[in-house]
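Contents: one structure, followed by commentary.
Below, chains carry the letters A, B, ... as their sequence lines are ordered, and counting in each starts from 1. None of the values given here were measured: they were computed from a predicted structure. No hydrogens, no waters, no symmetry mates; every other heavy atom, side chains included, goes into these values.
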There are 2 protein chains.
Amino acid sequence: MDKKSKSLSKNQKIVLDFIQKNKKPVKAYSILSNVQKKGINAPPQVYRALDKLIEIGKIHRVESQNSFVACKISNCDTPHKTIFSICNSCEIVSEINDPKLFKNLKDFRDKDGTVFDGYNLEFFGTCKSCKNKQIENTKH
Amino acid sequence: MDKKSKSLSKNQKIVLDFIQKNKKPVKAYSILSNVQKKGINAPPQVYRALDKLIEIGKIHRVESQNSFVACKISNCDTPHKTIFSICNSCEIVSEINDPKLFKNLKDFRDKDGTVFDGYNLEFFGTCKSCKNKQIENTKH
DNA sequence: AAATTTTTGTTATATTATAACACTATACTC
DNA sequence: GAGTATAGTGTTATAATATAACAAAAATTT
Ligand SMILES: [Zn+2]
Ligand SMILES: [Zn+2]
Ligand SMILES: [Zn+2]
Ligand SMILES: [Zn+2]
């Protein structure tokens, strides 16, 4: 029985459910205030659930934002092998599923020949929607 | 006159000097406590200097550690194009200078064709020194 | 020298995350 | 199924990281 098929605890379900409902990444204290009606009262309850959900790969942490987002890649059952694109303007985050890039990163060795267990890659730019808005604004 | 050749202010010099003296990344409040004797009294003074030093590429932020490290790549004059290897055990950080990987990341486009301004890549593993220590320990 | 921009110093506060402890639920083992 | 180990819960307090806001000084530009 692998990690993924183990059933989640009550708090883990509540937190995961809230993260999955959001298109954008969410912050820990935003999660907290949104799930208080479900009986989660304090930060440690949220952070514990987050830790577990990250460990089993259901969510990822967006390091540059201190935020958390649901995994969008069905077979992403491990944590710490993540690639995101992040819009500098609207802060929307997309998980990137690019086989060639995966391979490049998986095969990477440093000068010593050290193999790495995991990685996190975050690309920064302006998303299509924000770019269009900027063009709109310069027209007027 | 490019950003790099502009001379640094007093506080910027103090903070950069301290970061460069350290082999490992340093935390903001560790910087603060270590430079108080030089007349830097409060967090904003440190964070402002850090922001500027990051902007001009003299230092980088290690996102997964909330820490700051001097740039080790002479021609790394832009921020936000960074690759690090990080030891899970001793937390030592090395900036990676790998032309092939640079090219892969520079050339990456998402499905939309969006071009990215920058990226941050952090590899996680066990450094050679820590791996050797682990082997030592299993011997006894 | 006046105006603008950058940097400084300071106080207060916001945001993010964990320590510690007592207790409960679930899973595992014999 | 009783005993035991493991994982999860609830709670309070506090640690660690980062920024807002404002007034003053210094450096740079015009
Ligand atoms: Zn994923
Ligand atoms: Zn956007
Ligand atoms: Zn660098
Ligand atoms: Zn190490």
Side-chain angles (χ1 to χ4, degrees), chain A residues 1-19 22 24-69 79 91 93 120 122, chain B residues 1-19 22 24-56 58-69 79 91 93 120:
Chain A
M1 198 185 198
D2 75 341
K3 282 175 185 175
K4 259 199 141 173
S5 54
K6 266 193 192 165
S7 72
L8 299 174
S9 77
K10 177 185 148 251
N11 288 356
Q12 289 160 9
K13 273 178 201 154
I14 292 169
V15 170
L16 177 58
D17 186 56
F18 179 73
I19 295 172
N22 282 272
K24 285 196 187 181
V26 287
K27 302 256 184 178
Y29 277 74
S30 160
I31 297 169
L32 177 58
S33 63
N34 279 281
V35 298
Q36 285 193 321
K37 55 200 163 205
K38 306 230 172 188
I40 292 182
N41 309 309
Q45 296 174 293
V46 173
Y47 280 101
R48 284 175 195 146
L50 290 172
D51 287 347
K52 190 55 185 274
L53 293 168
I54 289 168
E55 193 190 322
I56 62 176
K58 291 279 189 187
I59 66 169
H60 304 302
R61 194 184 143 85
V62 183
E63 294 289 355
S64 61
Q65 292 187 345
N66 298 332
S67 66
F68 304 87
V69 69
E91 304 197 316
V93 169
N120 178 55
E122 300 183 4
Chain B
M1 196 185 202
D2 74 341
K3 283 174 184 175
K4 259 199 140 174
S5 54
K6 267 191 192 164
S7 72
L8 298 175
S9 76
K10 177 184 147 254
N11 288 357
Q12 289 158 12
K13 272 179 203 154
I14 293 169
V15 170
L16 177 59
D17 186 56
F18 178 73
I19 295 172
N22 282 273
K24 286 197 187 182
V26 287
K27 303 255 183 180
Y29 278 74
S30 158
I31 298 169
L32 177 57
S33 64
N34 279 282
V35 297
Q36 285 193 320
K37 56 201 162 205
K38 305 229 173 187
I40 292 183
N41 309 308
Q45 295 173 294
V46 173
Y47 280 102
R48 284 175 194 143
L50 290 172
D51 287 347
K52 191 55 186 276
L53 293 168
I54 290 168
E55 192 191 321
I56 63 176
K58 290 279 190 189
I59 66 169
H60 304 301
R61 195 185 143 84
V62 183
E63 294 289 354
S64 60
Q65 291 188 344
N66 298 332
S67 67
F68 305 87
V69 69
E91 304 198 316
V93 169
N120 178 55

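Partners of Ser67(B) by side chain to side chain contact (heavy atoms under 4.5 Å, CB included), not counting sequence neighbours, listed by chain and number: Pro25(B), Val62(B), Gln65(B). Residues forming a side chain to side chain contact (heavy atoms under 4.5 Å, CB included) with Lys10(B) (at least two apart in sequence, or on another chain): Ile14(B). Contacts of Asn66(B) classified as side chain to side chain donor-acceptor pair (under 3.5 Å), with partners at least two apart in sequence or in another chain: Arg61(B). Residues forming a side chain to side chain donor-acceptor pair (under 3.5 Å) with Gln45(B) (at least two apart in sequence, or on another chain): none. Judged as a side chain to side chain contact (heavy atoms under 4.5 Å, CB included), and not counting sequence neighbours, the contacts of Asn22(A) are Phe18(A), Val26(A). Remark: Gln12(B) pairs with Ser9(B) by the side chain to side chain donor-acceptor pair (under 3.5 Å) rule, at least two apart or across chains.
Considering only heavy atoms from C-beta on, Glu63(A) comes within 4.5 Å of Asn120(A) through its side chain.
In terms of phosphate contacts, Lys38(B) brings no side-chain nitrogen or oxygen within less than 4.0 Å of OP1 or OP2 of dT8(C). Ser9(B) has no side-chain polar atom (N or O) that falls below the 4.0 Å cut-off from OP1 or OP2 of dT6(C). In this structure, Asn11(A) reaches the dG10(D) phosphate: one of its side-chain N or O atoms is under 4.0 Å from OP1 or OP2. Between Lys10(A) and the phosphate of dT24(C), there is no side-chain N or O to OP1/OP2 separation shorter than 4.0 Å.
One interatomic measurement links the two molecules: OH of Tyr47(B) to P of dT17(D), which rounds to 7 Å at whole-angstrom precision. Taking atom CD on Glu63(B) and atom C1' on dA18(D), their separation rounds to 13 Å, with Å as the unit. Taking atom CZ of Phe68(B) as the reference point, atom P of dT17(D) lies 9 Å away to the nearest angstrom. Atom P of nucleotide dT16(C) and atom CZ of Arg61(B) are separated by 12 Å, given to the nearest angstrom. Following rounding to the nearest Å, Gln65(B) (CD) and dT18(C) (P) show an atom-to-atom distance of 13 Å. Rounded to an integer number of Å, the gap from Asn66(A) CG to dA18(D) P is 8 Å. With rounding to whole Å, Leu32(A) atom CG is found 12 Å from dT11(D) atom P. Rounded to an integer number of Å, the gap from CD1 of Ile14(A) to C1' of dT9(D) is 11 Å.
In the helix from dA1(C)-dT30(D) to dC30(C)-dG1(D), the end axes, each obtained as the rotation axis mapping the C1' atoms of four pairs onto the next four within a five-pair block, lie 50° apart to the nearest 10 degrees.
In this structure, Ala28(A) and Leu50(A) approach most closely via the heavy-atom pair CB-CD1, 4.1 Å.
When the nucleotides dA17(C), dA18(D), dT7(C) are ranked by their closest atom to the side chain of Lys52(B), dT7(C) comes out on top.
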Please set out all donor-acceptor pairs under 3.5 angstrom arising from side-chain atoms of residues 32-43 of chain A, sequence neighbours excluded.
residue: Ser33(A); atom: OG; partner: Tyr29(A); partner atom: O; Å: 3.4
residue: Ser33(A); atom: OG; partner: Ser30(A); partner atom: O; Å: 3.2
residue: Asn34(A); atom: ND2; partner: Ser30(A); partner atom: O; Å: 2.7

Quick tally for nucleotides 10-15 of chain C: nucleotides whose base has a protein heavy atom under 4.0 Å get B, sugar-phosphate-only ones S, the rest -, giving BB----
